[in-house]
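As structure tokens, the structure follows; a few thoughts come after it.
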Amino acid sequence: MIDLKYIRANPDIIRKAICDKNEKADLDMLLAKDEERRKLQYDFDNLRARQNAVSQTIAQKKRAKEDASEELKEMSEVASQIKILQSDLTEINAAVEELVLTIPNVPQTDVPIGKDESLNEIIRHVGEPPKMDFEPKDHLDIAMQNGLLDLPRGAKISGSGFPIYTGDGAKLERALINFMLEYHLQKHGYTELMVPLAVNRKSMTGTGQLPKLEDDMYHISEDDLFLIPTAEVPVTNIYADEVLSYKDLPKKYVAYTPCFRREAGSYGKDTRGLQRLHQFNKVEMVRFVEPEDSATALEEMLADAEDILMAFGLHYRVVSLCTGDLSFASQKTYDLEVWAAGSGKYLEVSSVSNFGEFQARRANIRYKDAEGKMRHLHTLNGSGLATPRLMIAIMEQYQKADGSIQIPDVLRPFMELRV
RNA sequence: GGAGAGGUGACCGAGCUGGCUUAAGGUGCACGCCUGCUAAGCGUGUGUAGGUCAAAAGCCUACCGAGGGUUCGAAUCCCUCCCUCUCCGCCA
């Protein structure tokens, strides 16, 4: 969340951020409630001060066996006033809190302004589309021909968007996950975590999925738990309500998890095969850094994700999201889009974002800097990578004329483990 | 799910027959002093958040797992919930 003091001091910046991000937060209501809150707080504090002072007097008089009935009479009046103020204060604090949580993060100044993805900025292309002397097939056709997927039966047991990977398809999926994990561990210095796949409401609020995206998530009502839409949620929240030392930073974690997304209300578009799923696998990178380091860390994480695509020898492009396409919590985001040769388009396989202190405030993650000052740290995360579209790209970019697939060399050892 | 014990400041830990605790004491940390022997001793300081203020200082308020309640006054009494530990039950 944004610092309330900052909002109060810079309402225009916030107003512009809400507008640029196509959000619908009621800033004026928030400012009015905040004003009201401060008045109440002031009255409450003064009354409390009075009560504390007189209570001391009462205690002294009682000890000296003196009469304190006059003070007691006054205090019974004060106490009832305090009670009223207290409940008003509780109410208004909750209202302010609720409103603050609807204020989106402020985009960085170098983020292109635009209302939707059509105004995203393509930063660069890397590699070349493979040259083929035959008509490339679509990944679903390739997968069917090679027996890698069974989507109808996935749909039967769960619903559409829940894929079954079969035989070598399952093995390839597992190889991708293992390769990416090991790559980030060995070459990029991350620490691996295995984390819960169901998290509570507090965690979802901490990273910013709630309250906005509740309808997009699978919810276990009996226990009020949510299936994670990304490992970002459990991993970022591991330090919620904690105070770290600057000596502990930066922290770099990588975690593989399945991800679950209801994506309420989105049908039809780009849903063929593995393009858009309710359950998919993803290797996620998360960093906790000092504020001064987050801009650099973002570029590093982008490079970490790109390394995977380059290791696979895939053609892709790097996109900087415009304000309208930025997520609620993000200050700046790069997407990596990989070339799907069969369908002739670029597919998003990674999103790398800097959240500044936005998530750290929400989740209450702080650290003591070298001067001993308590500060909110910065969080970042990036997919490294999501597997379904990566697999699409591998199938489509590495297909041969006969419909078979030539697995990238770096994956071979992961496909051929022997027991 | 059942029974018992417990959750106190960065950490350990006292207080828990309500007011003389602005949460004792210790460890750690910071600064200073002392000392020739790989360290110890002594002294001082040491949280977070909100408010007030142009700002700082100062002052006020809140915070002893969370939320309610009783009371003039709650770390301390009562209720609900969460979590941890031990034992039992159930289960991969």
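Here is how names work: the chains are called A, B, and so on, in the same order as the sequence lines, proteins then strands, and each is numbered from 1. Keep in mind that what you see is a predicted model, and the values were worked out from it rather than measured.
Counting only Watson-Crick and G-U wobble pairs whose two distances sit under 3.5 Å, RNA chain B takes part in these stems of three or more pairs: B:1-7 with B:82-88, B:10-12 with B:25-27, B:28-33 with B:41-46, B:47-52 with B:58-63, B:65-69 with B:77-81.
When the C1' atom is compared between B/rC53 and B/rC60, the two are found 13 Å apart, to the nearest whole Å. Taking atom P in both B/rU76 and B/rA62, one finds a spacing of 15 Å when rounded to whole Å. When the P atom is used for both B/rG89 and B/rC11, the distance is 36 Å, rounded to whole Å. Comparing B/rA75 with B/rC83, their P atoms sit 25 Å apart, to the nearest whole Å. Taking atom C1' on both B/rG67 and B/rG7, the two are 16 Å apart, rounded to the nearest angstrom. The separation of B/rG4 from B/rC91, taken at their P atoms, amounts to 24 Å, rounded to a whole angstrom.
The environment of CE in A/M144 is sparse: at most 12 heavy-atom neighbours from other residues, nucleotides or ligands sit within 6.0 Å. Enclosure of atom CD in A/E91 is not indicated, since only 12 or fewer non-hydrogen atoms of other residues, nucleotides or ligands lie within 6.0 angstrom.
When the salt bridge (Lys or Arg N to Asp or Glu O under 4.0 Å) test is applied to A/D409, the partners found at least two apart in sequence or on another chain are A/R412. In this structure, the salt bridge (Lys or Arg N to Asp or Glu O under 4.0 Å) partners of A/E74, at least two apart in sequence or on a different chain, are A/R50. With sequence neighbours excluded, no residue satisfies salt bridge (Lys or Arg N to Asp or Glu O under 4.0 Å) with A/D88.
Interatomic distance, CZ of A/F44 versus OG1 of A/T90, reported as 8.0 Å (0.5 Å rounding). The CG atom of A/L172 sits 10.5 Å away from atom CZ of A/R174, with the distance rounded to the nearest 0.5 Å.
Under the 6.0 Å cut-off for aromatic ring centres, A/F288 and A/Y367 do not qualify, their centroids lying 6.0 Å or more apart. Aromatic pair A/F358/A/F328: ring centres closer than 6.0 Å.
Applying the 4.0 Å criterion to OP1 and OP2 of B/rG19, one finds that A/K61 has every side-chain N and O outside that range. Distances shorter than 4.0 Å separate none of the side-chain N or O atoms of A/R38 from OP1 or OP2 on B/rC53. Contact check, A/R37 against B/rG50: no side-chain N or O comes under 4.0 Å of OP1 or OP2.
Between the NZ atom of A/K65 and the P atom of B/rG19 there is a distance of 14 Å, rounded to whole Å. Atom OH in A/Y239 sits roughly 18 Å away from atom P in B/rA10 (whole-Å rounding). The CG-P distance, from A/D223 to B/rC82, rounds to 11 Å in whole Å. Straight-line distance from the CG atom of A/L244 to the P atom of B/rC11: 12 Å, rounded to whole Å.
Within 4.0 Å of A/R8, counting heavy atoms only, lie sugar-phosphate atoms of the nucleic acid but no base atom. Across all strands, A/R63 comes closer than 4.0 Å to base atoms (heavy-atom distances). In this structure, A/K202 reaches neither bases nor backbone, as no heavy-atom distance under 4.0 Å exists between it and the strands shown.
Counting only heavy atoms from C-beta outward, the side chains of A/L210 and A/M217 approach each other to under 4.5 Å.
Using cut-offs of 30° and 60° on the angle between ring planes, the pair A/F179 and A/Y183 is tilted. By the 30° and 60° cut-offs, the orientation of the rings of A/F162 relative to A/H278 is tilted.
Comparing A/D34 and A/K368 along RNA chain B, the residue whose closest nucleotide (by nearest heavy atom) sits nearer the 5' end is A/K368.
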Query - Heavy-atom protein contacts under 4.0 Å, nucleotides 60-79 of chain B, coded B base, S sugar-phosphate only, - none - result: SSS-----S-S-BS------
Show me the protein contacts with nucleotides 89-92 of chain B, counting only N or O atoms at under 3.5 Å.
none

